[in-house]
Number of protein chains: 2
Amino acid sequence: MNDSLSPVFAALADPTRRDMVARLTEADATVGELAKPYDVSVQAISKHLKVLEQAGLVTRVAEGHRSPVHLEAEVFELMTKWIERYRQRAEARYRRLDAVLAEMNDETTGRRSRKETA
Amino acid sequence: MNDSLSPVFAALADPTRRDMVARLTEADATVGELAKPYDVSVQAISKHLKVLEQAGLVTRVAEGHRSPVHLEAEVFELMTKWIERYRQRAEARYRRLDAVLAEMNDETTGRRSRKETA
DNA sequence: ATTATCCTCAACCAGATGGTTGAGGATAAA
DNA sequence: TTTATCCTCAACCATCTGGTTGAGGATAAT
């Protein structure tokens, strides 16, 4: 399976990681900067970053001493595509269902369908 | 934190569950029907359904013997909202950054900025 | 040259996750 | 009534996950 989607969903399933992503939309940041607001060790944040990195959500270019973290927002589209595809499919189905129900209702009440009366 | 998002992302981080969701956009289905295509026990699928259910992605109304599973597509919007918010924020930032870089380039090359020449 | 800072790796731990098998309760069919 | 079907619960297992602490390598600052 070419499953590039699972790691992305998994990465964003953690609130700390979602928050980090949110902050990275404002500006790149070093590991230390990213770690500051949270009540966990720098090592824990380093691990979180590895998860985001392997999901393709984030890249790092070692820059001497520090390694600034950069958000790769294109991956968002992968998810949006998936979600939208099935959301629309579901909606289409509901529309069909509504039509069928309306039809049934019209028939049992002896009324003409809207199409016919139009 | 009012974290209703984490369970949704977590639920969709599994390919089997994503596939079940995809299939449920076509039609409601019983647990047995859902389980058929996969090479795992019915109990495993039952567990997957509990995950989807607790994420709010799916509901079940016991109907005598069987309990048909129904997709609740509204939850999709929660995710889409989150993703779109930060995607747009990231894009806005890139636009700002591009503008700054263009400005710097113009200055070092002694050219006027596009705004001035327009 | 020494010291401090930034970061990662390794080992460990508790709890979650995804799978299994076995047992059993309710409903439907014989 | 008996039997079959659909589904869930419980116990178990291996692996993954998110956290910790400790050690250490590179780079930067004194």
Side-chain angles (χ1 to χ4, degrees), chain A residues 1 3-24 27-72, chain B residues 1 3-24 27-72 75 79:
Chain A
M1 198 191 303
D3 186 1
S4 49
L5 215 42
S6 294
V8 183
F9 279 113
L12 294 177
D14 184 284
T16 301
R17 284 195 294 257
R18 273 203 310 283
D19 194 59
M20 289 196 269
V21 166
R23 289 171 57 211
L24 285 169
D28 292 359
T30 67
V31 178
E33 286 164 0
L34 277 172
K36 235 163 243 160
Y38 314 113
D39 199 21
V40 297
S41 64
V42 178
Q43 290 95 321
I45 299 299
S46 188
K47 278 193 187 180
H48 279 308
L49 279 172
K50 211 191 306 191
V51 174
L52 290 171
E53 201 169 16
Q54 296 201 322
L57 278 160
V58 133
T59 52
R60 271 179 286 184
V61 197
E63 192 177 84
H65 195 189
R66 308 154 313 133
S67 66
V69 181
H70 177 75
L71 184 68
E72 299 292 337
Chain B
M1 199 193 299
D3 186 1
S4 48
L5 216 41
S6 295
V8 183
F9 278 113
L12 294 178
D14 184 284
T16 302
R17 284 194 295 257
R18 273 204 310 283
D19 194 60
M20 289 196 268
V21 166
R23 290 170 57 211
L24 285 169
D28 292 359
T30 66
V31 177
E33 287 165 357
L34 277 171
K36 234 164 247 161
Y38 313 114
D39 198 23
V40 297
S41 64
V42 178
Q43 289 95 320
I45 298 299
S46 188
K47 277 194 187 179
H48 278 309
L49 279 171
K50 211 191 306 190
V51 174
L52 290 171
E53 199 169 17
Q54 295 200 322
L57 279 160
V58 133
T59 52
R60 271 179 286 184
V61 197
E63 192 177 83
H65 196 189
R66 309 155 311 133
S67 65
V69 181
H70 178 75
L71 184 68
E72 299 292 337
V75 188
M79 272 189 301

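Please read all numbers here as calculations on a predicted model, not as lab measurements. Just so it is clear: chains get the letters A, B, ... in the order the sequence lines come, proteins before strands, and each one is counted from 1.
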### Message
I want to confirm an ordering. Mapping B:K47 and B:V31 to their closest nucleotides on DNA chain D, which one lands closer to the 5' end?
### Response
B:V31
### Message
Go through it in stages, so that I can follow the logic: the residues are B:H70 and B:V61, the test is side-chain contact (heavy atoms from CB on, under 4.5 Å), and I'd like the CA-CA distance, side-chain angles, deciding distance and then a yes or no.
### Response
CA-CA 8 Å; B:H70 178 75; B:V61 197; over 6 Å; no
### Message
Let's test this: given Watson-Crick or G-U wobble pairing with both distances under 3.5 Å, identify the partner of D:dT1.
### Response
C:dA30
### Query
Counting side-chain heavy atoms from CB outward, which of C:dT20, D:dT8, D:dG18 is closest to B:V40?
C:dT20
### Task
Can you tell me the distance, in whole Å, between the CG atom of A:L12 and the P atom of D:dT17?
14 Å
#### Entry: Separation between CD1 of B:I45 and OG1 of B:T30, rounded to the nearest 0.5 Å
11.5 Å
### Base-pairing mate for D:dC7 - Watson-Crick or G-U, with both contacts under 3.5 Å
C:dG24
### Message
A quick test of your reading: do over 12 heavy atoms of other residues, nucleotides or ligands sit less than 6.0 Å from CZ of A:R66?
### Response
no
### Message
I need the NZ-C1' distance between B:K50 and C:dG19, as an integer number of Å.
### Response
14 Å
### Query
In the 5'-to-3' direction, what one-character label does each nucleotide of nucleotides 21-28 of chain C receive under the scheme B = base within less than 4.0 Å of a protein heavy atom, S = sugar-phosphate only, - = no such atom?
BB----BS
#### Entry: Any donor-acceptor pair under 3.5 Å from A:R17 side chain to A:L12 backbone
no
### N or O in side chain of B:S46 less than 4.0 angstrom from D:dC7 OP1/OP2
no
### Query
Within less than 4.0 Å of OP1 or OP2 of C:dG19, is there a side-chain N or O belonging to B:H48?
yes
### Query
A:E72 and A:G56: which non-hydrogen atoms are nearest, and at how many Å?
CB-O, 3.5 Å
#### Entry: Side-chain touch B:Q54/B:P7, heavy atoms, less than 4.5 angstrom
no
### Query
Which part of the nucleic acid does A:S67 contact within heavy-atom distance under 4.0 Å: base, sugar-phosphate only, or nothing?
sugar-phosphate
### Task
Measure from CZ on A:R60 to P on C:dC7 and round the result to the nearest Å.
9 Å
